[in-house]
Amino acid sequence: MSRRAAQRSYWLMKSEPECFSFDDLWNAPRRRTGWDGVRNYQVRNFMRDAMHVGDGVLFYHSSAEPPGVAGVARIASAARPDPTQFDPAAEHFDPSSSRDAPTWLEVDVQAVGKLARYVSIDDLRSAPELSEMLVLRRGQRLSVMPVTAHEWGVVLALGGLDARDF
DNA sequence: GCCAACGTTGGC
DNA sequence: GCCAACGTTGGC
């Protein structure tokens with residue numbers, strides 16, 4: 001069953017490019033990967049309750065020089081248990097989680113478009129229409145956060161893309 | 001590398 | 001359930 005465009009949600013997802021960049025996603029098999037390692041309850045709840053296949057994703061480079069939106073992606077799967085929580089060798093192993101009642105979730109994210117221009121955090125701050133964007137808010141540390149449909153369109157335009165294509 | 005912000009932990 | 005200590009995030 002298809003979802004109406006009006007129900008589509010948009011997200012900004014942060015990754016440190018030294019760890020995993022948008023180009024890494026673009027070059028991955030089927031241009032997609034499991035977004036594992038989330039260990040924040042609010043983000044877990046976004047994945048569980050509010051994300052849907054087809055939602056738009058602004059792929060944001062944090063701890064980059066400069067930080068900014070590097071590409072466009074989509075949510076490509078429903079939420080499922082994050083396998084790294086069960087792996088003692090994984091960086092984000094969680095010994096308190098069990099397979100019967102997994103604490104942490106992941107979703108698949110798939111790259112769908114390269115930006116014509118990188119949209120730096122200064123570019124975002126300079127756009128009056130983006131003044132309420134959560135990623136620009138002081139002290140905002142969530143690695144995944146919602147973006148409004150309007151902000152989505154403005155950011156894509158700053159990146160040289162037409163939101164109607166995505 | 002600094003440090004403000006803020007989520008989590010754990011003693012009480 | 002309070003709250004101080006601690007750990008992490010992420011821009012600068």
Side-chain angles (χ1 to χ4, degrees), chain A residues 9-28 33-51 55-75 79-111 113-148 150-160:
Chain A
S9 297
Y10 301 92
W11 306 93
L12 180 144
M13 300 177 78
K14 296 179 182 173
S15 182
E16 299 191 17
E18 297 226 341
C19 177
F20 190 80
S21 70
F22 182 73
D23 278 346
D24 291 332
L25 181 62
W26 190 263
N27 294 323
T33 194
W35 201 266
D36 61 22
V38 168
R39 296 296 181 267
N40 173 282
Y41 287 103
Q42 199 172 343
V43 174
R44 190 274 312 269
N45 294 347
F46 284 152
M47 290 176 160
R48 185 190 62 196
D49 303 331
M51 278 186 177
D55 282 359
V57 174
L58 300 174
F59 193 111
Y60 182 88
H61 282 176
S62 62
S63 295
E65 187 48 56
V69 176
V72 181
R74 64 188 285 272
I75 301 299
R80 58 170 181 266
D82 175 351
T84 67
Q85 72 196 300
F86 307 123
D87 178 1
E91 182 182 359
H92 296 104
F93 173 57
D94 184 350
S96 71
S97 184
S98 71
R99 290 182 185 275
D100 286 344
T103 306
W104 305 113
L105 302 174
E106 67 173 3
V107 294
D108 274 357
V109 173
Q110 181 175 39
K114 290 193 172 193
L115 297 180
R117 293 184 297 274
Y118 185 76
V119 182
S120 72
I121 191 169
D122 281 348
D123 296 332
L124 297 174
R125 286 217 166 92
S126 299
E129 292 178 285
L130 301 179
S131 62
E132 300 298 313
M133 233 183 144
L134 290 176
V135 73
L136 301 179
R137 194 169 290 180
R138 179 178 176 82
Q140 178 54 263
R141 300 183 312 159
L142 289 179
S143 61
V144 174
M145 57 187 83
V147 170
T148 69
H150 184 64
E151 290 164 348
W152 167 264
V154 172
V155 174
L156 262 57
L158 288 173

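Note: hydrogens, waters and symmetry copies are ignored here, and every other heavy atom, side chains too, is used.
- A heavy atom closer than 4.0 Å to some atom of DNA chain B occurs in A:Arg138, A:Gly139, A:Arg141, these being the qualifying members of residues 128-143 of chain A.
- Judged purely by atom type and a 3.5 angstrom limit, A:Thr103 has no side-chain atom pairing as donor or acceptor with the backbone of A:Ser97.
- Listed for the A:Ser15 side chain is a donor-acceptor partner under 3.5 Å among the backbone atoms of A:Phe20.
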Test side chain to side chain donor-acceptor pair (under 3.5 Å) applied to A:Asp24 and A:Ser21, step by step: CA-CA 5 Å; A:Asp24 291 332; A:Ser21 70; 3.3 Å; yes
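- First and last contacting nucleotides of DNA chain B toward chain A (any atom under 4.0 angstrom from a heavy atom, 5' to 3' order): B:dA4 to B:dT8.
- Between A:Phe59 and A:Trp11, the distance from one ring center to the other does not fall under 6.0 angstrom.
- A:Tyr10 contributes no side-chain N or O that, together with a main-chain N or O of A:Glu151, makes up a donor-acceptor pair within less than 3.5 Å.
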Worked verdict on A:Gln110 versus A:Val57 for side chain to side chain contact (heavy atoms under 4.5 Å, CB included): CA-CA 9 Å; A:Gln110 181 175 39; A:Val57 174; over 6 Å; no
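- For the residue pair A:Ser126/A:Asp123, the side-chain donor-acceptor check at 3.5 Å is not satisfied.
- Nearest-nucleotide mapping onto DNA chain C: of A:Ile121 and A:His92, the residue sitting toward the 5' end is A:His92.
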Step by step, would you call A:Arg39 with A:Asp82 a salt bridge (Lys or Arg N to Asp or Glu O under 4.0 Å)? CA-CA 10 Å; A:Arg39 296 296 181 267; A:Asp82 175 351; 2.9 Å; yes
